Undergrad: 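For reference, the structure I am asking about is given below.
Proteins get letters first, then strands, A, B, ... in listed order; numbering begins at 1 in each. Given the structure is predicted, the values throughout are model-derived calculations rather than measurements.
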Amino acid sequence: MPNKITFCLTVVFTLSAAVAAIRLRNPVHCALSAALAFAGLAVAFLGLDAEFIAFAQILVYVGAISILSIFAVLLTRGTEVEPTAAVFSRSWITGIAITLGTAAAILVPIFSSSILYKIAPAVASAPVQMIGTELMTHYLLPMEVMGLLLTSALIGAVVIAMSDRPEKKDDSSHPSVTRYPSAESKPATKRDLTTV
Amino acid sequence: MKFNFQGAGIVRGFVETARNFLGSYYDPERLTTVEYPERKLALPENVRTVPFLVYDHDMSGLRCTACKICEQECPAACIKIIKDTVKKSDYLGKSQFQPQVFDIDIAVCMSCGICAEVCPFDSIKMDQVYELATQDRFAPLILHKEQLGKSNAYFHAIHPTDAVETDSLRDEAKRKAETKAAADAAAKAAAAVKPKPEISTTANSQSVGTSATANVEKAVAT
Amino acid sequence: MNSLDQIFVTLKQWLLSYVPTDFQPVGSALLSIVAIIAVFGTAFALTTILERKGLGRIQNRPGPNRVGPCGFLQPMADAVKMLTKEDIVPYAADKVLHYLAPIVLTVPIWLAFAVLPFGRNMSAIELDASIVFFFAVGSASELAVFMAGWSSHNKYSLIGAMRGIAQMISYEVPLVLSTVPVLMLSGTLNLNEIVNAQSGFSFGVGQWNVFTPWGAAGFLLFMIAATAESNRAPFDLPEGESEIIAGFLTEYSGFKYALFFLGEYLGLFAVTGLAVTLFLGGWNAPLAFLNVVPSWLWFFAKFGALIAVFIWARGTVPRLRFDQLLNFAWKFIVPLTLVNIAVAGIWYFSSDHLAYAVRWLICAGIFLGFYELLGRFLSLKRAPRTYRYAE
């Protein structure tokens, strides 16, 4: 009975945080609500005695992913201006269709899997050692593929960030284009600060 | 002894601070600060905080003549002077006003020292007291004539160079005034041989007074 | 002597015997919470005054010595001052987040103490993956720093928060990676078992991880990353007062400011406790015959020594520039932690083939060689630094 109460509280908490993440106007508030929802999910994992997954959830999602989304929000647009457009898209039929499609894509494999008919073990805890061994033997290929995917994403991000070459500051190297006639009289801008 | 591996500078820094840490317990000479209320450092001569008024001998010998130059020059307008109604004779023997009220609001005073620079009577000088904190923001921070007045000996104690110079100038002025007065008296005595109209004696005494003031001003200017 | 070692455990059981059976789990948790808050709250007060006195001595001045005997009541005076100050919230601030930020910083950090073993049988909760729990609750402080900086609606606060997040994310990587060799060699994520793995004695000296080459290197890397993670000098850029007033703390006053202060010190204490547990043998005695001293005394002795090292470092090293800070993390510390993991692997697999001294020298040589080469490589393009005023 206490477990059910805890579960219900967790569900209410997580769902309301998730709804707030969609409904709130300020993108920073949305990102923080998403972090709350992630934390609620971690509590749900704890209720299932999946300690390691719960802590990993907090470590990765609350600690890293939500910070990442906050960075993205702050770097892309001004958070000072409240958006005037409605939060809900006008093309709500498309939205509902996408939602249903996503839900189906998740639910169909769940309900068609054999895991539903397995009898749950008496002690549900999975020791960390077992998780590690399974990852390194049975699930080695998926893990490697995921690692490769993340690495390529990382390299792609670096490439995108690097493509912004800094424009040349030294105009005196192009004597034909003298946009600043007093360029020669200017003091050298490049100063080696380490040898002051 | 100098090792040059990566990060050697950091290690040397750690050694240095450890030596400071231990050394400050064994060698009090290392301590660069003074524990203030118990020990006070001697102030340099030119330190100035708020103004004070110099008197000779006692309060009745206040040098201030309530000329109000300092009141007008004060950029912060923190000086308030009200002239007394009766005149007193100053050290040159000339009769001058004295201030009935001389207040300085040291909450407003910014210690610029302009009042001391403009004073032609060497009356207002800059003090060196610095423990001026009070419990109340208003009344205790307005210093009256009684609190401001301090002896010439005190002036000598805090600004020896300035005080000696001022005294010599004042002695000079006094000597000049005395010789002038003596010369005037001699001239008067000589004039008294020849009979003259009665009115001239009063005119003479006035000229003595003005010349004495001019002498003092000349002394200040030099 | 065993009774003295277990005095707190016995005390807790004696107190619990007066509690009805149904409420004993709750009572046990409450007692642990009270003990942790009391001990580390006191440690916080003591550390603030000792830090100020220590820093003073490092700078050749006596430090605070006015309030109470030798100034030791200064924390009380500070507390009264903090609590009686006006709590100012900026008009343009995001009121809710501004209010929540100090709470979000402080509360998770208290949780981190739950898994630390303070002595034999003295950890508040027993978890299989306690070190993951420790890092998980520690990661909430980044969110708190961001909330504080963003909600204040002040450009200095925001700059401080962005600096803080970038720094904490960068240094969380080496912080976790430097613990990996310990987890590899002891084969567990449970802090109690990690301490037990270091409980043996060889030649009368404790088998602590710090006495192995990978342990010594990991300990140093962990300490550097921990300094940065707890925003302490020389990595105190988020609140670099000479540049951005007080960083994300700019708009905080009174009790909220005190909470931030408390949270920062608690973060330092937690990560120091973890360093003691992972590398310095936890509550184990350093020499075999010193086992008579109670285990919790050993833990707090090591804890205090490490705090002193942090204060020493604060008094020694000047603050880094921001690009130096990130370069130091990503180009120097992270590669070194990766090399250290490889060294730990070599150490593990050579145990059957080589004598102890030989493999010690080989492993230390590999790490030190890499350290020296990487350092020289990174400083290749730089001219030697000359100082105008020093030396």
Undergrad: Count the heavy atoms of every other residue, nucleotide or ligand shown that sit under 6.0 Å from CZ of F135(C), and state whether that count exceeds 12.
TA: yes

Undergrad: Around atom CZ of F332(C), are there more than 12 heavy atoms from other residues, nucleotides or ligands closer than 6.0 Å?
TA: yes

Undergrad: So which residue, L127(C), T188(C), V96(C), ends up with the most heavy-atom pairs under 4.5 Å with chain A?
TA: L127(C)

Undergrad: Count the heavy atoms of every other residue, nucleotide or ligand shown that sit under 6.0 Å from NZ of K155(C), and state whether that count exceeds 12.
TA: no

Undergrad: Quick one, H29(A) with L97(C), criterion side-chain contact (heavy atoms from CB on, under 4.5 Å). Give me CA distance, side-chain angles, the key distance, then yes/no.
TA: CA-CA 9 Å; H29(A) 289 167; L97(C) 289 186; 3.8 Å; yes

Undergrad: What part of M147(C) is in contact with chain A, defined as an atom under 4.5 angstrom from a non-hydrogen atom: side chain, backbone, both or neither?
TA: side chain

Undergrad: So which residue, L59(A), V60(A), I58(A), L32(A), ends up with the most heavy-atom pairs under 4.5 Å with chain C?
TA: L59(A)

Undergrad: To the nearest 0.5 angstrom, please state how far the OG atom of S139(C) sits from the CZ atom of F55(A).
TA: 12.0 Å

Undergrad: For A56(A), which atoms come within 4.5 Å of any heavy atom of chain C: side chain, backbone, both, or neither?
TA: backbone

Undergrad: Report which part of I169(C) has an atom under 4.5 Å of a heavy atom belonging to chain A: side chain, backbone, both, or neither.
TA: side chain

Undergrad: Let me see the working for V28(A) and W150(C) under side-chain contact (heavy atoms from CB on, under 4.5 Å), right down to the final yes or no.
TA: CA-CA 9 Å; V28(A) 172; W150(C) 185 79; 3.6 Å; yes

Undergrad: Measure D94(C) against the heavy atoms of chain A and call it side chain, backbone, both or neither at under 4.5 Å.
TA: side chain

Undergrad: Would you give the length of the straight line joining atom CD1 of I165(C) to atom CZ of F71(A), rounded to the nearest 0.5 angstrom?
TA: 5.0 Å

Undergrad: Given heavy-atom pairs under 4.5 angstrom as the criterion, report whether the side chain, backbone, both or neither of F146(C) touches chain A.
TA: side chain

Undergrad: With a cut-off of 6.0 Å (strictly less than), are more than 12 heavy atoms of other residues, nucleotides or ligands near CZ of F260(C)?
TA: yes

